[in-house]
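Supplied in structure tokens, the structure appears directly below.
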Amino acid sequence: SNSRRGGLSASIRTAVADLASDFQSAIQALNQDDKDIHVGKLLNACERLEDTMRKIGFNQGAKDIGGNIRKIRNLYNIAPPSQRDSMPLLLRYEMEIGVHNIDDGAATGIRRMKDPSAAIGFLWLGRTLNYQYDLFRLMLDENEDPYNAARRAYEQDLKPHHSWAV
């Protein structure tokens, strides 16, 4: 019966469901504040995604995600516990310790993000996650072939930020 099937599927845990749950947990962990993400849980979810991507042969994407995770984790590991799990607090801490110095040539006081840094790690991690999401959405929801899905997702999510052609 449908009710029995529905009950059974609701109790089955899969690796994909666990991965999705990890990302949901990172977003909801600091609950009422919808502008914050729990950094520790986000890193754990991204590490699980990186491992999953390697298992299915998406080695370059896994390498990109892994490099950005390391940039964030380097700061996360040295930040005071009270500042490490809130993205805004962690990024503020990175500024406070002088990672992003004020550009000497600019009278405006504008800070330039340095690479490697957690700020750059978060920036590119977000772009890469958007690309992966759109790649699979295009293949699964729009029945796009993998080549065209990758091309479309790249043009939308990554190409505007690259200074070189692929």
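Here, residue 1 is the first one in the sequence, and each next residue gets the next number.
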#### Entry: Gap between atom CD of Gln24 and atom CD1 of Ile27 - 0.5 Å precision
5.5 Å
### Query
Do Leu89 and Ile78 share a hydrophobic cluster, counting only Ile, Leu, Val, Met, Phe, Trp and Tyr and linking them when any side-chain heavy atoms are less than 4.5 Å apart?
no
### Query
Taking side chain as C-beta onward, heavy atoms only, is Met95 less than 4.5 Å from Val99?
no
### Query
How many angstroms lie between CG in Leu42 and CG in Asp22, if you round to the nearest 0.5 Å?
10.5 Å
### Query
With a 4.5 Å limit on heavy-atom distance, are the side chains of Glu96 and Gln83 in contact?
yes
### Side-chain touch Met87/His38, heavy atoms, less than 4.5 angstrom
no
### Message
I need the minimum non-hydrogen distance between His100 and Lys114, along with the two atoms involved.
### Response
ND1-N, 3.0 Å
### Query
Minimum heavy-atom separation for Leu90 to Ala79, with atom names?
CD1-CB, 3.6 Å
#### Entry: Pairs involving residues 48-75, ordered by first then second residue, that meet ring pair (Phe, Tyr, Trp, His ring centres under 6.0 Å) (sequence neighbours left out)
Phe58-Phe136
### Task
Check whether any side-chain N or O of Glu94 sits under 3.5 Å from a backbone N or O of Ala119 as a donor-acceptor pair, and report yes or no.
yes
#### Entry: Side-chain H-bond candidate by donor/acceptor type, Asp134 with Tyr154, under 3.5 Å
no
### Task
Take Tyr76 and Asp85, measure what side chain to side chain donor-acceptor pair (under 3.5 Å) needs, and give me the verdict at the end.
CA-CA 8 Å; Tyr76 183 87; Asp85 284 320; 2.7 Å; yes
### Query
Between the side chain of Thr52 and the main-chain N/O of Arg48, is any donor-acceptor distance below 3.5 Å?
yes
### Message
What verdict does the salt bridge (Lys or Arg N to Asp or Glu O under 4.0 Å) test give for Glu142 and Arg152, after you've listed the backbone C-alpha separation in whole Å, the side-chain angles of each residue and the deciding distance to 0.1 Å?
### Response
CA-CA 12 Å; Glu142 298 184 21; Arg152 284 180 60 195; 3.5 Å; yes
### Message
Assigning hydrophobic clusters by single linkage (Ile, Leu, Val, Met, Phe, Trp, Tyr; side-chain heavy-atom cutoff under 4.5 Å), is Ile56 placed with Ile69?
### Response
yes
### Task
For residues Asn68 and Asp64, report the shortest heavy-atom separation together with the two atoms involved.
ND2-O, 3.0 Å
### Query
When hydrophobic residues are tied together by side-chain contacts of less than 4.5 Å, even through go-betweens, does Tyr133 share a cluster with Leu158?
no
### Query
Are side-chain heavy atoms of Leu75 and Ser117 found at a separation under 4.5 Å?
no
### Query
Which value, rounded to the nearest 0.5 Å, describes the distance between Leu19 atom CG and Met53 atom CE?
10.5 Å
### Query
Taking all non-hydrogen atoms of both residues, which atom of Ala149 and which atom of Met139 are closest, and how far apart?
CB-CG, 3.5 Å
Could you pull out every donor-acceptor pair under 3.5 Å between side chains of residues 122-132 and any protein atom, sequence neighbours left out?
residue	atom	partner	partner atom	Å
Arg127	NH2	His161	ND1	3.1
Thr128	OG1	Trp124	O	2.8
Asn130	ND2	Gly126	O	3.4

### Heavy-atom pair of closest approach, residues Cys46 and Ile65
O-CG2, 3.9 Å
### Query
So Glu144 and Arg137, salt bridge (Lys or Arg N to Asp or Glu O under 4.0 Å) or not? Walk me through it.
CA-CA 9 Å; Glu144 191 83 53; Arg137 180 186 56 76; over 6 Å; no
### Heavy-atom pair with the smallest gap, counting every atom of Ala62 and Arg54
CB-CG, 3.5 Å
### Message
Looking at Arg70, is its backbone amide N or carbonyl O close enough to the side chain of Asn74 to form a donor-acceptor pair, meaning the two atoms are under 3.5 Å apart?
### Response
yes
### same_hphob_cluster(Tyr93, Ile37) at 4.5 Å side-chain heavy-atom cutoff
yes
